[in-house]
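The next block holds one structure in the form of structure tokens; read it before the comments.
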Amino acid sequence: IIPTQHKRKNTRAIDPTTGRPYTFWFVNNTSQSNGTFKSPFHTLVDAQNASAPNDVIYVFTGDGTSKGMDVGITLKDNQKLFGAGIVQTLPTTLGLMNIPVHSNGIPVVNNINLNGAAVTLANNNEISGMHIISSNFGSGILGGSNEYPADVFGVINTNIHNNLITNITGVSPDNFGGIVLSNCTGNLVIQNNTFSDISFAGINVVNSTTIDTINSTLRIANNTFSNIGQNGISVQHESGNLDFCILDNTIEDTNSSLIDPGLGSIFMGQIGGNGVACGTISGNEIVTSDLNSIYITSNAGNLNVEVIENTARDTDGLFASSTGAGNVCLGLNKNSDDEFTLGDIS
């Protein structure tokens, strides 16, 4: 007989980055209190003011409107903005931990201030499970600056996933969109989001800096776009190195803006400087674009892109060009559909 003994030990699952427990601040626009789970803050601004870097802001659906959450939020470094209507995942020292659903529906964040973004990013933010609106000529989620200043860095690293981004109205296509990332560096991830009813670009990623050391890895994957006034996805790169993948997105009804319809449902451009952009545009489905399905161009620097297994219907086809000092190295493989043609390549 071998004697055995079983012991149970509770160990704290803490933040692996800080080595401390996570701090949560709770928001529910039907509550009126101090930010705890049982008694959440009434407004996002209360959570913004009370929180510190590395904290989690956890938002309940409340009454289903943007009441108390209608002047936007500016995040701090390493913060997470989570909606309570979906399962959320946190990294811990004991591995990944799931936070179960605590609300029906997803919370609505708006900014009714003129030119105000609904969510303004800092470094290393994660946004998940939110309904993002910006109804007074501001972007939905903004990282960096709307002015695109040269030689000024935006934020470092961001992870934006599983959000609904709708009803974004603006007047300036160059610095506007459902998500705008300007001169941002590090790992930039935008995936599993739904975009609709946006007057200009759904996703607008711009590197306008002349700093050669700017380096980014960009992943735009599994997003859905509908009724987008300009490009569904717009990536404009100038200096430094960009590794990108634009994968498995569904884009429908784009390029309809009366002010500036853009150039294609997916726009990839090396727009200046001596930068190098390398990556893949693969597995995307594009339906009903008033212009090109995919538009690829370089007027300076080097753009290397593989276009693989994309499907397009009711568009003007694929366009690729290099002008001036620009170079395009283009690979095409297994792109198909009745209106997906290569006749426009120059």
Side-chain angles (χ1 to χ4, degrees), residues 22-52 54-76 78-90 97-113 116-122 125-136 138-143 158-169 177-180 189-198 202-203 223-224 226:
Y22 282 102
T23 298
F24 280 74
W25 298 97
F26 297 92
V27 180
N28 188 328
N29 65 9
T30 63
S31 179
Q32 198 70 259
S33 198
N34 58 5
T36 65
F37 181 80
K38 291 185 177 180
S39 190
F41 284 132
H42 178 65
T43 72
L44 270 180
V45 171
D46 289 336
Q48 172 185 298
N49 294 338
S51 66
N54 303 294
D55 289 353
V56 180
I57 298 174
Y58 190 84
V59 187
F60 296 98
T61 305
D63 65 4
T65 74
S66 62
K67 181 182 72 175
M69 299 184 284
D70 59 1
V71 293
I73 183 171
T74 298
L75 298 176
K76 301 178 178 72
N78 306 304
Q79 285 189 339
K80 302 178 188 298
L81 179 63
F82 283 169
I86 67 172
V87 174
Q88 303 288 0
T89 303
L90 273 179
M97 180 186 72
N98 287 335
I99 303 172
V101 173
H102 286 286
S103 278
N104 294 322
I106 60 176
V108 181
V109 180
N110 189 12
N111 195 333
I112 61 175
N113 295 317
V119 179
T120 300
L121 299 172
N125 289 150
E126 181 177 0
I127 303 173
S128 173
M130 307 297 296
H131 184 178
I132 306 294
I133 300 172
S134 192
S135 59
N136 201 358
S139 295
I141 299 174
L142 174 64
T158 194
N159 186 1
I160 303 169
H161 61 94
N162 297 106
N163 300 285
L164 178 62
I165 302 171
T166 70
N167 301 104
I168 311 291
T169 58
I179 296 175
V180 175
V189 178
I190 304 172
Q191 61 185 15
N192 299 318
N193 302 285
T194 298
F195 299 79
S196 66
D197 302 315
I198 298 173
I203 297 173
N223 301 285
T224 300
S226 63

Exercise. Step by step, work out the side chain to side chain contact (heavy atoms under 4.5 Å, CB included) result for N136 and N111.
Key: CA-CA 7 Å; N136 201 358; N111 195 333; over 6 Å; no
Practice problem: Go through the steps to decide whether T166 and H131 satisfy the test side chain to side chain contact (heavy atoms under 4.5 Å, CB included), and finish with yes or no. | Solution: CA-CA 8 Å; T166 70; H131 184 178; 2.7 Å; yes
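Applying the ring pair (Phe, Tyr, Trp, His ring centres under 6.0 Å) rule to H102 yields the partners F37; only residues at least two apart in sequence or on another chain are considered. With sequence neighbours left out, the side-chain hydrogen bond (donor to acceptor under 3.5 Å, both in side chains) criterion links S33 to S39. Judged as a salt bridge (charged side-chain N to carboxylate O under 4.0 Å, His left out), and not counting sequence neighbours, the contacts of D63 are K67.
The CG atom of L164 sits 8.0 Å away from the CD1 atom of I133 when rounded to the nearest 0.5 Å. Taking CG of L75 as the reference point, atom OG1 of T158 lies at 8.5 Å (rounded to 0.5 Å). The line from CZ of F24 to CD1 of I99 is 4.0 Å long, rounded to the nearest 0.5 Å. How far CG of N28 is from CZ of F41: 13.0 Å, rounded to the nearest 0.5 Å. Taking OG from S51 and CD1 from I73, the interatomic distance works out to 6.5 Å, rounded to the nearest 0.5 Å. Here I127 contributes atom CD1 and L81 contributes atom CG; the two are 5.5 Å apart, rounded to the nearest 0.5 Å.
Panel note: side chain N223, backbone I190; a donor-acceptor pair is recorded below 3.5 Å. In terms of modelled atom types and a separation under 3.5 Å, the side chain of N98 and the main chain of P100 share no donor-acceptor contact. Side-chain atoms of K76 come within 3.5 Å of backbone atoms of Q48 as a donor-acceptor pair (strictly under, hydrogens ignored). The backbone N or O of N163 sits less than 3.5 Å from a side-chain atom of N193, completing a donor-acceptor pair. Under a 3.5 Å cut-off, the side chain of T61 and the backbone N or O of A84 do not form any donor-acceptor pair. Although no hydrogens or angles enter the test, the distance criterion places no donor-acceptor pair under 3.5 Å between the side chain of D70 and the main chain of N110. A donor-acceptor pair is defined here as one N or O able to donate and one able to accept, closer than 3.5 Å; no such pair exists between the side chain of S135 and the backbone of I112. Side chain of H42 to backbone of N29: a donor-acceptor contact under 3.5 angstrom is found.
For the side chain to side chain contact (heavy atoms under 4.5 Å, CB included) test with L121, the passing option among I160, L142, I179 is I160; the others fail. When each of L90, V59, T89 is checked for a side chain to side chain contact (heavy atoms under 4.5 Å, CB included) with F82, only L90 meets the rule.
Taking both residues in full, the closest heavy atoms of I86 and I106 are given as CG2-CG2, 4.4 Å, listed atom of the first, atom of the second, then distance. Scanning all heavy atoms of the two residues, the minimum distance from T120 to A117 falls at OG1-CB, 3.9 Å. Residues Q79 and I57 come closest through the heavy atom pair OE1-CD1, 3.9 Å. Residues D55 and W25 share a closest heavy-atom pair of OD2-NE1, 3.0 Å. Across all non-hydrogen atoms, the minimal contact from Y22 to N54 is CD2-O, 4.3 Å. The two residues G83 and P107 come nearest to each other via the heavy atoms CA-CG, 3.9 Å.
F60 and F26 have parallel rings, their planes meeting at less than 30° on a 0 to 90° scale where 60° marks the start of perpendicular.
A 6.0 Å sphere centred on CG of N104 holds no more than 12 heavy atoms belonging to other residues, nucleotides or ligands.
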